[in-house]
Amino acid sequence: MKIAVMSCIHSNIEALEAVLLDIEQQKAEKIYCLGDLVGYGPSPNEVVETIRDLDIPTVQGCWDEDIVEGLNACECSYPSLLAEKRGKIAHQWTQEQLTSENKTYLAQLPEIRKVDNLCFVHGSPHSNHEYLLANMDVFTALERVLATGADVLFCGHTHIPYMRSLKDAQLQIKVSQDNEVFQPLSFEAPLKRIVNVGSVGEPRHGRPNATYVNYETDTQQVVIREVAYDYQKTCKKIIEKGLPEIFAWRLGRGWEYAEKAEDATHVCTR
Amino acid sequence: MIIAVAGPPGVGKTTWISQQIKDQPLRYLNPGVGKVPIDQTWLKTVSDRVEIILENQLLLTSEAITYLELGWNLDFLGMMPLLDQLGCHRVMLIPEGEKNQELEDWGDEIIPGNKISSQKTAKAELKLCRLLLTGEMVDFDSLEVFWQELTEGAYGEVIRVKGIFDVSSCQSIYGDFAVGAPYQDFRELNLPLWLEGRPTRFSGLEIIGENLAEETIAETLKDCCLPETAIIYYQQQIKLGLSENENSSDVVYS
């Protein structure tokens, strides 16, 4: 069965519509969404309503959580003072725009979904604020997949798509307690995979195009799709609706709206 | 002796002058910079043999050579008669590999400078925007984002930017961008760490470009500035780190 997995729509209805059309053309039988439906972009209600109407199984992203729980669910979510100031503007604007019905929908989203040997999260199984970057160390990456009990972990949050295979992994532990050293224990992990599906509405791969992933459950084939759309229409809306103009400028370059995420360990330098 | 140095923005005038500092002290005047004296601040960090002088000191007798740097915003072509009257030796820096008869005619001596996009720097519509930041300490991660946006054209077409910033590591750093020139990282200036309160030493930014959104630039830069509490916090952290290093160097191993 071919499934489509998408993430990080960020209130960009034009990008979402283009991706849904592409999914239809690619004949995917099921769609999953990894959250961050809202934040930064100009069409939060339209995006939430589209996902709701299509009954797409979705997990809660960090933005969805923050809109419901209040800003700074994670106290160092922003990599810089500037990103924080911009993020707060976007947060307040989105709060004001979202209908209570759509907020309720975001509030009830689960943080994790498991379907057979597949697991769907926004950031990582431990936190929807944690970045699983392509170059994070193998041990940590493997731990994140093993924690779910799945073979394939689908995530988003970094806005850069990638597929990573973790194979032939051997773990060895040695426990010592009260000067008594126990025999080392060895484990072998079968092939595990992390699939980051990129971002529909806020790419940061240097082009404005939306990305998502098609996955064949029978062959385990992963195809990263990049979909062009009328991003200038979104940019125009950003300005018309009074969001910071820099969001439009950055979206047009595929740089995300306001922030960068380069640290897999998510350590805030401020 | 007075040496007048001119050339398009970003061609490397101040850098060339810094290369003339050898055993002899040097006097330096950069007229018209007002409250944003970036080049002279940078030059002073390169060598303490540089004496910064004021415009009314130009004609005072001195054994040191005086370098008169003429910025892009000054009509250095129209100043030729005055410079002749002062007996100046004229040095013109021209982007390497380029020909410009008007500029070459101005110079007694032609020096090949940085490879920059001189077609863009020759535009008549170019504007100069200067921002004073003294008293502010900037969040470095924010500065990097702002700098990238600025130099990539988010706030207008920029052909030259240079700036000195006090940053959260308590260092003073220098940023330099010229259109067409290779990218340069921020460089730490040879100045002491600023560990007590808001910095009173100079920091500021100078931008040359077209259609500059000056108000947005100023607002964005303001958003990069740390509040007082954060400044004090960072300074405490740096002082703590320094004292720990000092203490660890006192340990005697036997």
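By convention in this document, chain letters (A, B, ...) are assigned in the order of the sequence lines, proteins followed by strands, and residues within each chain are numbered from 1. Just so it is clear, the structure is predicted and the values come from calculations on it, not from any experiment.
- Closest approach of A/Leu82 and B/Ser142 over heavy atoms only: N-OG, 2.8 Å.
- Atom CD of B/Glu215 is surrounded by 12 or fewer heavy atoms from other residues, nucleotides or ligands within 6.0 Å.
- Here the CD atom belonging to B/Glu219 is positioned 11.5 Å from the NZ atom belonging to A/Lys85, to the nearest 0.5 angstrom.
- Contact record, B/Ala154 with A/Ile246: CB-CD1, 3.6 Å, taken as the closest heavy-atom pair.
- Rounded to the nearest 0.5 Å, atoms CH2 (A/Trp249) and CD (B/Glu152) are 6.0 Å apart.
- With respect to chain A, the highest number of heavy-atom pairs below 4.5 Å among B/Val138, B/Thr216, B/Asp223, B/Leu143 belongs to B/Asp223.
- Looking at A/Leu81 and B/Leu226, their side chains come closer than 4.5 Å, going by heavy atoms from C-beta outward.
- Heavy-atom distances place no part of B/Phe140 under 4.5 Å from chain A, backbone and side chain included.
- Under a cut-off of 6.0 angstrom, the local environment of CD in A/Glu245 is sparse, with at most 12 non-hydrogen atoms contributed by other residues, nucleotides or ligands.
- For the options B/Cys225, B/Ala230, B/Gly153, heavy-atom pairs under 4.5 Å to chain A are most numerous at B/Gly153.
- Within 6.0 Å of atom NZ in B/Lys222, 12 or fewer heavy atoms from other residues, nucleotides or ligands are found, so the atom counts as exposed in its surroundings.
- Between A/Arg86 and B/Glu149 a salt bridge is recorded (basic side-chain N to carboxylate O distance below 4.0 Å).
- No more than 12 heavy atoms of other residues, nucleotides or ligands shown are found within 6.0 angstrom of NZ on A/Lys236.
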